[in-house]
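Data first, discussion second: the structure below is written as C-alpha cells.
Quick caveat, the model's predicted, so the values are computed rather than measured. Below, all heavy atoms of this structure are taken into account, side chains as well, without hydrogens, waters or symmetry copies.
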Amino acid sequence: MAEYVWGTGRRKTSVARVRISPSGSGQFIVNGRELDAYFNRDVHSTTAQEPIKATETEGMDVFVNVKGGGQTGQAGAIRHGLSRALVKHNEALRPTLKQRGFLTRDARMVERKKPGRPGARKRFQFSKR
C-alpha cells in the first residue's frame, strides 16, 4: 500500500486538496483527469507544476481534488497545496519553496460590491443638471 502525504492549498475562492505518493510513476491527476486535459491554458498547467520543477522531485504521483473559483485560482491553489505536501514529505525542500513564495497563501480576493454603486469602486455617471 502506498504512503500518501496531504497538503491543502487556497487561492482566491479555490480550495485544493493535494495528495502525493513519493513512490509513483509521475502522473498528475486533477479531478480525475490528466493535468493538461483539465487546464486548457499552458500557463495554468505550468503554475500547478512549479513546486515539482523547483525542487526537482519528478516521479511522484500527484492526485488533486480542487473546487471553487476559476482556472487561475485553482492553479494557484494546487501550487500552494503541492508545496505544503512536499514540505511535509521532506522538510529540506522548505527553503527552496519559501524563497520562491510557494508556501505563502496569496490573500488577494475580489473586493465586494458596495451598495448604491454598480461595482466595487465604479460610480454611476454624475449629472450636474
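- Residues V66 and A16 approach most closely at CG2-CB, 3.9 Å, considering heavy atoms.
- Residue V110 is found outside any hydrophobic cluster, as its side-chain heavy atoms come under 4.5 Å of no other Ile, Leu, Val, Met, Phe, Trp or Tyr.
- With sequence neighbours excluded, the residues that form a side chain to side chain donor-acceptor pair (under 3.5 Å) with E111 are K114, R121.
- If you chain together hydrophobic residues whose side chains sit under 4.5 Å apart, I78 and L103 fall into the same group.
- In plain terms, the two heavy atoms of S14 and G70 that are nearest each other are OG-O, 4.0 Å.
- The CG atom of L82 lies 8.5 Å from the CE atom of M60; values are rounded to the nearest 0.5 Å.
- The line from OG of S83 to CZ of R105 is 14.0 Å long, rounded to the nearest 0.5 Å.
- Rounding to the nearest 0.5 angstrom, the gap separating the CD1 atom in I20 from the CD atom in E3 is 10.5 Å.
- Residue R11 comes nearest to R108 through the heavy atom pair NH2-NH2, 3.5 Å, listed as atom of the first residue, atom of the second, then distance.
- Taking CZ of R117 as the start and NZ of K122 as the end, the distance is 12.5 Å to the nearest 0.5 Å.
- The distance from atom CD of Q49 to atom OG1 of T47, rounded to the nearest 0.5 Å, is 9.5 Å.
- For the side-chain hydrogen bond (donor to acceptor under 3.5 Å, both in side chains) condition, the pairs that include at least one residue of residues 25-38, sequence neighbours left out, are S25-D61, N31-Y38, D36-S45, Y38-Q74.
- Residues V30 and V5 share a single hydrophobic cluster, defined by chaining ILVMFWY side chains whose heavy atoms lie under 4.5 Å apart.
- Other residues, nucleotides and ligands contribute more than 12 heavy atoms inside 6.0 Å of the CZ atom of R19.
- For the residue pair G116 and F124, the shortest heavy atom distance occurs at O-CE1, 3.7 Å.
- Judged as a ring pair (Phe, Tyr, Trp, His ring centres under 6.0 Å), and not counting sequence neighbours, the contacts of F39 are H44.
- R79 approaches P51 most closely through the heavy-atom pair O-CG, 3.6 Å.
- Qualifying side chain to side chain donor-acceptor pair (under 3.5 Å) partners for T55, counting only residues two or more places apart in sequence or in other chains: T57.
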M109/T13 under side-chain contact (heavy atoms from CB on, under 4.5 Å): CA gap, chis, key distance, verdict: CA-CA 8 Å; M109 301 285 279; T13 58; 4.2 Å; yes
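- Annotation: the span from T72 atom OG1 to R41 atom CZ amounts to 6.5 Å, rounded to 0.5 Å.
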Side-chain donor/acceptor pairs under 3.5 Å, residues 84-102, sequence neighbours excluded:
from : atom 1 : to  : atom 2 : distance (Å)
R84  : NH1    : T8  : O      : 2.8
K88  : NZ     : W6  : O      : 3.1
N90  : OD1    : A92 : N      : 3.1

